[in-house]
Amino acid sequence: MQPLLLRTPRGLVYADERAEDRSVEGVLLSRLNAHAMSDRAAMEGLLCRDCSVPAVRTNAGVLWLLPLPTSDHRWDGWPEGTLTTEPPVCLRHSAPPRSGIRHRAFFAAEAEVVGVLGTLHPAPRLLASPVERMLRFSDPRMPWMVATHFVRKLRRLTPADEQGEAR
């Protein structure tokens, strides 16, 4: 059953809201998708996206495995400050999936949670439909967001080889 979402002058709330319905930053979290809930927990705790054990950590940082941008198959780097909703990985799950999509493994020495991805609802008196959007925590529209995923900004990146070691 879908939880009842109420619009208040200060933002959205669940009719039966509990403490665990909000992130430590005060963002309302979606209850509807079990996969998103497990991804949020993995992102918060830097746990493997596939098995929820702690992700690989070395002096180079935490191990991430992300799909390469599809626009350029010659692409050979990873831009500093990449934003991702994908949790990190453990060594066992660091091999790229056989999905036909190319992936790159790397360590991020910094992986700050900077915002959320979710459904942004219109503020009162706005005639608009809810939209999927990424918002930073500092965005004044955050009270109207129902978050499905946390977003981390990855910095100080080091490529990883197939064994999960820094190159």
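Keep in mind it's a predicted model, so treat the numbers as computed, not measured.
In terms of heavy-atom proximity, A147 sits nearest to V116 at CB-CB, 3.6 Å. A42 and C48 get closest at one heavy-atom pair: CB-O, 4.2 Å. Summarising the geometry of P87 relative to W64, their closest heavy-atom pair is C-CZ3, 3.6 Å, with the distance given to 0.1 Å.
Residues L66 and V114 are members of separate hydrophobic clusters, defined by side-chain heavy-atom contacts under 4.5 angstrom among Ile, Leu, Val, Met, Phe, Trp and Tyr. Clustering ILVMFWY residues whenever any of their side-chain heavy atoms sit less than 4.5 angstrom apart, transitively, puts L91 in the very cluster that holds F107.
The main-chain N or O of R136 is never found under 3.5 Å from a side-chain atom of D139 such that the two would form a donor-acceptor pair. Judged by distance alone, the side chain of S23 and the main-chain N or O of V27 form a donor-acceptor pair under 3.5 Å. One N or O on the side chain of R7 and one on the backbone of P122 form a donor-acceptor pair closer than 3.5 Å. Using modelled atom types, one side-chain atom of T148 and one backbone atom of L117 make a donor-acceptor pair closer than 3.5 Å. In this structure, the side chain of E80 engages the main chain of L157 through a donor-acceptor pair within 3.5 Å. At distances below 3.5 Å, at least one donor-acceptor pair connects side-chain atoms of R152 with backbone N or O atoms of M43.
Of the candidates R40, M37, H149, R40 is the only one forming a side-chain contact (heavy atoms from CB on, under 4.5 Å) with L29.
Between D21 and R31 a salt bridge is recorded (basic side-chain N to carboxylate O distance below 4.0 Å). For R156 and E110, the salt-bridge test passes: some basic side-chain N is under 4.0 Å from an acidic carboxylate O.
We find the CD-CZ distance between E112 and R155 to be 5.5 Å, quoted to the nearest 0.5 Å.
For R18, the CZ atom counts as densely surrounded, since its 6.0 Å shell holds more than 12 non-hydrogen atoms of other residues, nucleotides or ligands.
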